[in-house]
Amino acid sequence: MKLERAKKLEAERLKKEEEQLLKKQMGGRRGLKKRRRGDSVRDTPTLSNRTHLLHVITVFERTDDVIEQELKEREEAKQKREQAALLESRKGEDVSDTDLMNKMFDFLDEDEGSQPDGRTTDVYGGVGDRTKRGQVIDNGYNTVSRPPLAPIEDEEDLSEFTFSKFATTYFQGGADHTHTRKVIKHTLLEHKTEGEQLAALAVWVLILRFMDDMPEPQKKQQGDTTSVMTKIYATLGRKFNKQDLEKAMQANQQLEDDPTVTKSYTMQKKSVRKKLVSMTLKKKSKITKEISERLEGEEIVPVTAGGNALLEDRYMSTLEKLHFIIGHGILRPDLRDEIYCQICKQLTKNSGKTSYAKGWILLSLCVGCFGPSDKFIKYLKNFINDGPKEYGAYCMERLRRTVMNGTRSQPPSFLELHSTKAKKPLMLPVTFMDGNTKTLLADSATTASELCDQLANKIQLKDKFGFSLYIALYDKVSSLGSGGDHVMDAISQCEQFSKELGGSERNAPWRLFFRKEIFAPWHEAREDEVASNLIYQQVVRGIKFMEYRCDKEEDLAIIAAQQYYIDHGTDYKPERIVELVPSYIPDSFIGGRSSRRDQAGWGKEIAKAFHKSRFSKEKVPPQRVKDEIVTYAKYKWPLLFSRFYEAFKFAGPSLPKNEVIIAVNWTGVYVVDNDEQVLLELSFPEITAVSSSRTGKMHGQSVTLATAKGDEFTFTSPNAEDIRDLVVTFLEGLKKRSKYVITLQDYTPVGDANTFLSYRKGDLVILDKQQSGEDIMTNGWCFGENARTKERGSVNAECVYILPTISRPPPEFLTLFSEHADIGQPKYSSSNMNEAVKVYTLEEYSLDHFRPPPKKSLSGTLRSRGRSQKDILWKHSKEPLKQALLKKLLTKEELSQQACQSFTAILRYMDDLPNSKRSRHGTECTDAVFEPPLKHDLLRDEIYCQIIKQLTENKNKMSLQRGWELLWLCCGIFTPSANLLKHVQEFLRSQQNDLAGDCVHRLNRTLRHGHRRYPPHSVEVEGIQIGSTQIFHKVYFPDDTDEAFEIDSSTRAKDLCQSIASHLKLKSSEGFNLFVKIADKVISVPEGDFFFDFVRHLTDWMKKSQVFRDTPDIHFTYQIFFMKKLWTNTVPGRDPQADIIFHYHQELPKYLRGYHKCSVEQAENLASLIYRVKYGEDKSRLVALGEGQGLRQVVPNNMMSFQSVDEWKRAIVKRYNEASGTSPEDAKMEFLKIIYEWPTFGSAFFEVTQSTDTNVPEKLLIAINKMGVNLIHPSSKDILATHPFTKISNWSSGANYFHMTIGNLVRGSKLLCDTTLGYKMDDLLTSYVHLMVSSINNKGRK
């Protein structure tokens, strides 16, 4: 036994030695296998030996596994140390963002190839099939066009919105705002649900890994083609609890110890019908059918294995990490600020240059996909502005565009990574259906609407409606429409689809096309040749490749003949036609089973159609033939020119299927199934109402279609609002162009039967040629013929329904409107649940203050649905009043009659009565409304009640808006009594109209400043009619500059003067005044007058004057000037701004006219100063002083003869050179200082003829200034007399005179002057005396 045991031990020893030797030479397992093979060859053991050998091998295998595990652990530990050392070494090295992008996305530079299965995108018969994505092709329309720029925002001071301040205010758990390489245990911001908190913690880990602040896990998952977005979608519906959150926190703690290990979930496949294709596809299209069938039944659902349920325990590529981070930001709106805060935190005080650069790359990609909340956006903008130059402007522009166009629905595509790498726009080639290609520049926020607009502008496409972008993948195609959908979302989706099919995102062979998707009902091919050419190419190619199918071979032959005629005209060659047959006729129709004709047979058939055709006989222009093909396609294939939407029938009459597709085209709305079998067809005249609503639940958008039969169909669809908008567009467009209306009630006119039309409910009224449905919507009345009685007359718009059709409806259709009582004007609405707001009315006020309603009459009246309450006085009515509304006016017959006239004017202004004179334009109606209450206080409450009555339950949108215009005007003119005021305020506060809030402000200002004296000026009326509640007036200044200032109804002249002075930074507004220039007069505005009152009064006065009496409709324009009027305390240098803008430029003309007495030396000096003001240091113009009018621009008229021209010129040049270096501003000051010494400084001069004082000349120059009234000799300029204001006892003026009494009325002297400027002298003298009296009174009070 001992010997046997020794042999066994020896054998084991030898075996181990051989094993170790083989391990060193060949590796563990290979050595073991070789050793086993050697054993089997060398020895054939017995049964017992075999059993023993099996035991030994088992021991060896176990030992080998332990050795391998130890080696593996050592290798992983070594790799961790190397990776950590690498991260540490990179921390401080210089990093080029271009080099970094190349390293991060090195796969972007690989050559693009085909899909592994060799599939390519080939649709529309190979149209533009040679175009490569991202490559500019020199072909046809192909040019590069830039994407639209975001509106430039006004620069805002964001210095106070620092990220550190935000972090201090909102971060939780003691987190700060600076960079860290640790895993956070709590989210930075507060979140309501555990799911959001889990996602935030997971995103943080991915951000650390993306920025190289944490090593990657070593585990790689093979064969997983599921996109990251699909996995994120799978977690959205899950509910997480506190236990899940605690596990995630524990997992984050473990990541602190070992960053390469992630406890997570594994992915299992389950047979559930939710996949990325079905969840993200917006519109039903042919692109998804095959893909969805291949993916259907395989949903990715997470199975938690401990740790964060949203993290996978595997290595993720750079693109996957981006999709994970940005995908959560897109799909979880409440997580967006958290993501931005995490990135900003990691960029703050980050000493690692690689980490810092990667963080900015990540931020630039995020701002291109989603924006932050309003709470954080200013902090983010400030953070970006303070960032590196190469990223600041780039990120800010991307953020602006994202905020403007909305959040993306998909993460960045490969093409966007190319763009980000170079910080350049994207290049998107778009193929037209004629084979030409155009390459456009785009960005991450570019929408289908923007690309369509760019394309249309570049090819001069006028009729853009119905043209859409299409994206093709393999042999399938999907419409992107022409709205707000992001183009890059569709491209990103195609890349993800490609991956889910086992391909590569990089090589997804998507392509973009521009083609006609839908016709408008009113489309006319002749209106736009460019559009017709594109549609023609689309149709003929579609026929060739059987996208559009003809029912008869004869139709194919005719269209082929038309194509031949368009291409070759009347040049008929039989052999050419035969050669061209394959390009015209589908392949399956040439000698195939679908047709008995071969190529030659088709040639004969086409030739036959060619010779019989009208176009070849009459030589119709080829463009008209193209138009005919386009029109044929519109009528032949309406369903193929539709927009398709996935939907589910939620309520209404039963249909064969509930899962349906809604197709909207120019003929109406179709409901079809997946096999394109029509389940329901509604023409537009049948649709009487369309609305959409949101319930707040998932896929809770719904659209409801009401029909003339009284049916209502409700469909739920994620695109319910798009469906509603498109149907509304067609309905409103048809109604605007319609010539047909249906009456909704019986009506027999009373009184003037020749004006109003008599009709029964359901009668068809055909509008006059000059009228259309748009006129009814605008004016509230229409004129037409009753198709039943052939009578003609006016019809109230509220009593008819405009048929949305451009062709006469059949008689059987009209019976629907007489049989169903609930048909009225259609409602186009979008509502949310529980949004109703109770509107305040005058019902309560009317109980105590309105007169009782009149007794009911049995005479013919409007008998309509809801008219039983027509006698309720506080509700809207279209019938004129016979008595005032208020009881207090019933005993005052004249005021009551005026109240009724005002109400009639209100009806005409609001087009609630026919208004043939179009008196709404101008102030005729507003004068009739507001003049009586301004004259009689008792009528003010009446007018307020009348206007509010017409705004209560008014169903006419246009009438309602015009009523608000009247109320807006009213609130700025006078206020109601205290008893009515609170009711008016309650009414305004309860309204949703945009003007309601402004009415409240105007009413409050009128309460403070008092009521006006005149009705609104035409400027106020015209302003509110175009929707402008702010009136900006241009104010002109003496230095030939001007600026715009806001003037409202309660602005007084004094208020505007102070506002202007403050804006111009004048030290005081004292002495300044507003002047209105109208016609040939310039009149000062009294400082206490309301500005518009003064202008209105002045305008009325001008109209009543003898000159304009024969032209009462003349429209006066006016200009506003702001100038110095009273020069009492004016001293040059005291207010330099006033000197430069006003004083110099007002004094200069008076000086050059020769009104002052001046010496030659002074004139020479002043001339050099005037020249310096005009030309500065430019001496070249000094030569021209002696030519033409040059000298008259600097020397007074009356002094030109005092010296020769050369003497003046030499003296001026000398003075100019002596003052070299003087600035124009200083020259103005010097000029003012010289003339300030003269007694006539600051005077207003008037050349008059006097006939009462023999001591002064008949021709006289009068100067009014702070000293009083000065009488000046017109030639010598000597002051003959000065009459202080205290000595002037009386003055008056007229159209042609000015009269003044000096001294007392009994013994004083009189001065009567013949002048047309008497009104100016009167006003100036009054102003100076008023200022003098005010100054004396003020001193007395002190």
Side-chain angles (χ1 to χ4, degrees), residues 1038 1052-1054 1057-1058 1061 1066-1076 1081-1089 1094 1121-1132 1134-1135 1138 1142-1143 1146-1147 1149-1150 1155-1156 1232 1235-1248 1250 1253 1256 1260-1272 1279-1294 1297-1305 1308-1313 1315-1341:
R1052 297 183 187 270
K1054 183 178 181 180
C1057 286
Q1058 291 175 346
L1066 304 182
K1067 292 190 175 180
S1068 172
S1069 63
E1070 181 182 339
F1072 285 94
N1073 213 87
L1074 292 173
F1075 295 83
V1076 175
K1081 297 186 179 295
V1082 179
I1083 303 175
S1084 172
V1085 184
E1087 64 177 16
D1089 280 15
F1094 177 80
F1121 290 86
F1122 182 69
M1123 297 185 292
K1124 194 63 169 281
K1125 179 180 181 181
L1126 306 178
W1127 298 68
T1128 306
N1129 298 317
T1130 304
V1131 178
R1134 184 177 292 175
D1135 189 347
F1142 298 95
H1143 300 157
Q1146 286 187 236
E1147 284 300 296
K1150 293 181 283 187
Y1155 290 154
H1156 297 282
L1232 290 173
I1235 65 173
Y1236 175 73
E1237 302 299 330
W1238 301 343
T1240 49
F1241 171 75
S1243 299
F1245 295 91
F1246 303 92
E1247 296 178 7
V1248 302
Q1250 67 87 24
D1253 191 346
V1256 295
L1260 196 63
L1261 182 64
I1262 294 181
I1264 301 177
N1265 56 29
K1266 62 182 180 181
M1267 304 305 296
V1269 179
N1270 303 274
L1271 308 183
I1272 301 175
I1279 297 178
L1280 304 177
T1282 298
H1283 303 296
F1285 297 122
T1286 55
K1287 300 296 184 182
I1288 302 174
S1289 57
N1290 188 35
W1291 63 92
S1292 61
S1293 64
Y1297 74 90
F1298 174 77
H1299 178 265
M1300 181 176 68
T1301 301
I1302 300 96
N1304 59 55
L1305 296 176
S1309 59
K1310 298 180 180 179
L1311 183 67
L1312 179 62
C1313 303
T1315 176
T1316 58
L1317 300 178
Y1319 69 96
K1320 280 191 176 182
M1321 300 173 69
D1322 190 336
D1323 173 66
L1324 191 59
L1325 188 55
T1326 301
S1327 299
Y1328 267 116
V1329 171
H1330 177 74
L1331 180 63
M1332 180 185 68
V1333 173
S1334 298
S1335 299
I1336 294 173
N1337 292 337
N1338 290 336
K1339 289 179 181 179
R1341 293 191 188 98

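By convention here, the first residue in the shown sequence is residue 1. If you're wondering where the values come from, they're calculated on a predicted model, not measured in any experiment.
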Open item on the list: Just to verify, what does F1241 make a ring pair (Phe, Tyr, Trp, His ring centres under 6.0 Å) with, not counting sequence neighbours?
Closed with: W1127, Y1236
Task: Exercise: identify the closest heavy-atom pair between D1323 and S1084 - done: OD2-CB, 3.2 Å
TODO: Please tell me if the side chains of V1269 and I1288 come closer than 4.5 Å, counting only heavy atoms from C-beta onward.
DONE: yes
Open item on the list: Restricting to non-hydrogen atoms, name the atom on K1150 and the atom on E1147 that form the minimum distance, rounded to 0.1 Å.
Closed with: NZ-OE2, 2.6 Å
Task: Spatial distance of atom NZ (K1287) from atom OG (S1309) [nearest 0.5 Å] - done: 11.5 Å
Task: K1310 (side chain) donor-acceptor with M1300 (main chain) under 3.5 angstrom - done: no
Task: Test item: side-chain donor near acceptor, E1070 and N1129, under 3.5 Å - done: yes
Open item on the list: Using 0.5 Å steps for rounding, measure from the OG atom of S1243 to the CD1 atom of I1262.
Closed with: 12.0 Å
Task: Gap separating the CD atom of E1237 from the CG atom of L1232, nearest 0.5 angstrom - done: 11.5 Å
Task: Criterion side-chain contact (heavy atoms from CB on, under 4.5 Å) against L1260, the qualifying member of D1253, I1272, T1315, L1271 - done: L1271
- [ ] Work out which heavy atom in V1248 is nearest to a heavy atom in M1321; give both atom names and the distance.
- [x] CG1-SD, 4.3 Å
Task: pair L1324-L1126: side-chain heavy atoms closer than 4.5 Å - done: yes
Open item on the list: I'd like to check E1087 versus R1052 (side-chain heavy atoms, cut-off strictly below 4.5 Å). Are they in contact?
Closed with: no
Task: Atom pair CG (N1073) and CZ (F1122), whose distance is rounded to the nearest 0.5 Å - done: 8.0 Å
Open item on the list: Return the CE to OG1 distance between M1267 and T1128, rounded to the nearest 0.5 Å.
Closed with: 10.5 Å
Open item on the list: Distance check, rounded to the nearest 0.5 Å: H1143 atom NE2 versus I1235 atom CD1?
Closed with: 10.5 Å
- [ ] Step by step, work out the side chain to side chain contact (heavy atoms under 4.5 Å, CB included) result for C1313 and F1246.
- [x] CA-CA 10 Å; C1313 303; F1246 303 92; over 6 Å; no
- [ ] Give a yes/no verdict on a cation-pi contact between K1124 and F1072, requiring under 6.0 Å between NZ or CZ and the six-membered ring centre and an angle within 45° of the axis.
- [x] yes
- [ ] Assess the side chains of S1293 and D1322: does a donor N or O sit below 3.5 Å from an acceptor N or O?
- [x] yes
- [ ] Grab the two heavy atoms, one from W1291 and one from T1326, that are nearest each other, plus how far apart they are.
- [x] NE1-OG1, 3.1 Å
Task: K1125 and S1327: CA distance, side-chain angles, deciding distance, side chain to side chain donor-acceptor pair (under 3.5 Å) verdict - done: CA-CA 9 Å; K1125 179 180 181 181; S1327 299; 2.8 Å; yes
Open item on the list: Between F1075 and I1083, is there a side-chain heavy-atom distance shorter than 4.5 Å?
Closed with: no
Open item on the list: Suppose we screen for ring pair (Phe, Tyr, Trp, His ring centres under 6.0 Å). Which residues come up paired with H1156, at least two apart in sequence or across chains?
Closed with: W1238, F1245
Task: Heavy-atom neighbours of K1266 NZ exceed 12 at 6.0 Å - done: yes
- [ ] Report yes if some heavy atom in the side chain of I1279 is under 4.5 Å from a heavy atom in the side chain of P1239; otherwise report no.
- [x] yes
TODO: Would you check if the side chain of N1270 reaches a backbone N or O of A1263 as a donor-acceptor pair within less than 3.5 Å?
DONE: yes
Task: Partners meeting ring pair (Phe, Tyr, Trp, His ring centres under 6.0 Å) with F1298 (sequence neighbours left out) - done: none
Task: 4.5 Å side-chain heavy-atom contact, C1057 and L1074 - done: yes
TODO: Check whether any side-chain heavy atom of Q1250 lies under 4.5 Å from a side-chain heavy atom of L1312, and answer yes or no.
DONE: no
- [ ] Look at the side chain of T1301 and the backbone N and O of S1289, then say whether any donor-acceptor pair between them is shorter than 3.5 Å.
- [x] no
